2 protein chains.
Amino acid sequence: MNKDRCLKPATDEECKKAWLALQDTLDVIGGKWKLVLIAILRGGKLKFRELSREAEISPRILSKELKDLEINGLVTRTVLNTRPISVEYELTPYSQTLSEMIVSMHEWGKQHRQRFKEQ
Amino acid sequence: MNKDRCLKPATDEECKKAWLALQDTLDVIGGKWKLVLIAILRGGKLKFRELSREAEISPRILSKELKDLEINGLVTRTVLNTRPISVEYELTPYSQTLSEMIVSMHEWGKQHRQRFKEQ
DNA sequence: CAGGATCCCAACCGATACTG
DNA sequence: CAGTATCGGTTGGGATCCTG
């Protein structure tokens with residue numbers, strides 16, 4: 001893809017970076033579960049099991065998704081000194097930076113649904 | 001998911017709709033190719049083969065992706081009276097409504113990359 | 001309780017060949 | 001040229017069981 005097909009006038013190099021950035025975003029919040037988990041955690045910290053029940057997601061997938069979110073700095077994992085142990089997951093302040101984008105996606109999806117499906 | 005875990009204060013019903021809308025958005029522009037194709041077509045209409053070469057995507061996938069985009073009103077398909085026939089694909093005016101969201105996603109991805117990867 | 005291991009199924013994607 | 005058919009590999013996700 002060259003610069004002539006880019007969002008705004010730019011060099012080829014800048015254009016390539018722009019689309020890599022978009023791809024990054026989709027990697028971080030795309031897929032079936034990431035946004036759902038973020039949504040749920042907006043309501044406050046939850047333990048692994050609670051999160052699993054709330055989202056109706058199997059432990060294997062939940063574990064993987066939470067790792068991804070943690071790697072990307074969106075969620076913190078805290079092991080509690082209980083017996084048996086329990087682990088709390090919580091959104092980071094950094095996750096707030098997603099808000100504007102999430103709102104954009106929500107707004108677009110809403111108007112799209114009105115336009116195309118039964119209103 | 002109930003309203004207490006929603007983006008803004010709302011009824012359970014509103015909350016459910018909000019997350020359906022987000023899911024809609026991901027369905028429409030998520031995945032590996034949708035945004036790439038939209039990006040490329042921003043530069044102007046292209047024929048099937050040109051698009052295939054530009055995006056480096058196999059015909060089978062391209063065909064499917066274009067159908068999806070057409071169904072969602074983002075792309076028009078025009079058969080030309082040539083021999084052999086050729087088909088042009090072009091973004092619709094409606095596709096412009098994606099701009100704000102795409103910019104949001106781009107901005108977030110850019111700052112995320114700066115924050116986490118080699119700058 | 002947290003979460004890894006295993007097994008299995010479905011969706012996705014790429015390459016290639018083929019038809020109108 | 002446009003697009004479908006076929007096949008095969010890869011990824012993602014669900015269910016269940018198991019261990020620290």
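These figures come from a predicted structure and were not determined experimentally.
- Rounded to a whole Å, the CG atom of A/Leu51 is 14 Å from the P atom of C/dC1.
- Distances were taken from every side-chain heavy atom of B/Val87 (C-beta onward) to each of D/dC1, D/dG3, C/dG3; the shortest belongs to D/dG3.
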Which pairs, protein N/O on one side and nucleotides 14-18 of chain C N/O on the other, fall under 3.5 Å?
unit_1	atom_1	unit_2	atom_2	d
C/dG14	OP1	B/Lys32	NZ	2.6
C/dG14	OP2	B/Trp33	NE1	3.2
C/dG14	N7	B/Arg60	NH2	3.1
C/dG14	O6	B/Arg60	NE	3.1
C/dG14	O6	B/Arg60	NH2	2.8
C/dA15	N6	B/Arg60	NE	3.2

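- If you measure from atom CZ of B/Arg83 to atom C1' of C/dG20, you get 10 Å, rounded to the nearest angstrom.
- The CG atom of A/Asn81 sits 15 Å away from the C1' atom of D/dG20 (whole-angstrom rounding).
- What separates CD of B/Glu65 from P of C/dA11 is a distance of 16 Å, to the nearest Å.
- Contact check for A/Val75 versus A/Glu90: no side-chain heavy atoms found under the 4.5 Å cut-off.
- Between B/Arg42 and B/Ile102, the closest side-chain pair of non-hydrogen atoms falls below 4.5 Å.
- Between B/Lys67 and D/dT4, a side-chain N or O to OP1/OP2 separation shorter than 4.0 Å is present.
- The NZ-P distance, from B/Lys64 to D/dA5, rounds to 15 Å in whole Å.
- Side-chain contact, A/Arg113 with B/Thr25: no donor N or O sits under 3.5 Å from an acceptor N or O.
- Within the 4.5 Å cutoff, the side chain of A/Leu51 has heavy atoms near those of the A/Leu37 side chain.
- By the criterion of side-chain heavy atoms lying less than 4.5 angstrom apart, applied directly or through intervening Ile, Leu, Val, Met, Phe, Trp or Tyr residues, B/Ile71 is not grouped with A/Trp108; the two fall into different hydrophobic clusters.
- Whole-Å rounding puts the B/Leu62 CG to C/dC13 C1' distance at 13 Å.
- Enclosure of atom CD in B/Glu100 is not indicated, since only 12 or fewer non-hydrogen atoms of other residues, nucleotides or ligands lie within 6.0 angstrom.
- Applying the 4.0 Å criterion to OP1 and OP2 of D/dG3, one finds that B/Arg49 has every side-chain N and O outside that range.
- At least one side-chain heavy atom of B/Leu26 sits less than 4.5 Å from a side-chain heavy atom of A/Leu26.
- Recorded end-axis angle for the helix from C/dC1-D/dG20 to C/dG20-D/dC1 stands at 30°, based on five pairs per end and rounded to 10 degrees.
- For the pair B/Leu66 CG and D/dA2 P, the interatomic distance rounds to 11 Å; values are reported in whole Å.
- Using a 4.5 Å cut-off on side-chain heavy atoms (C-beta onward), B/Leu66 and B/Asp68 make no contact.
- Between B/Arg77 and D/dG3 there is a side-chain polar atom (N or O) within less than 4.0 angstrom of OP1 or OP2.
- The phosphate of C/dC1 (OP1 or OP2) has no side-chain N or O of A/Tyr89 nearer than 4.0 angstrom.
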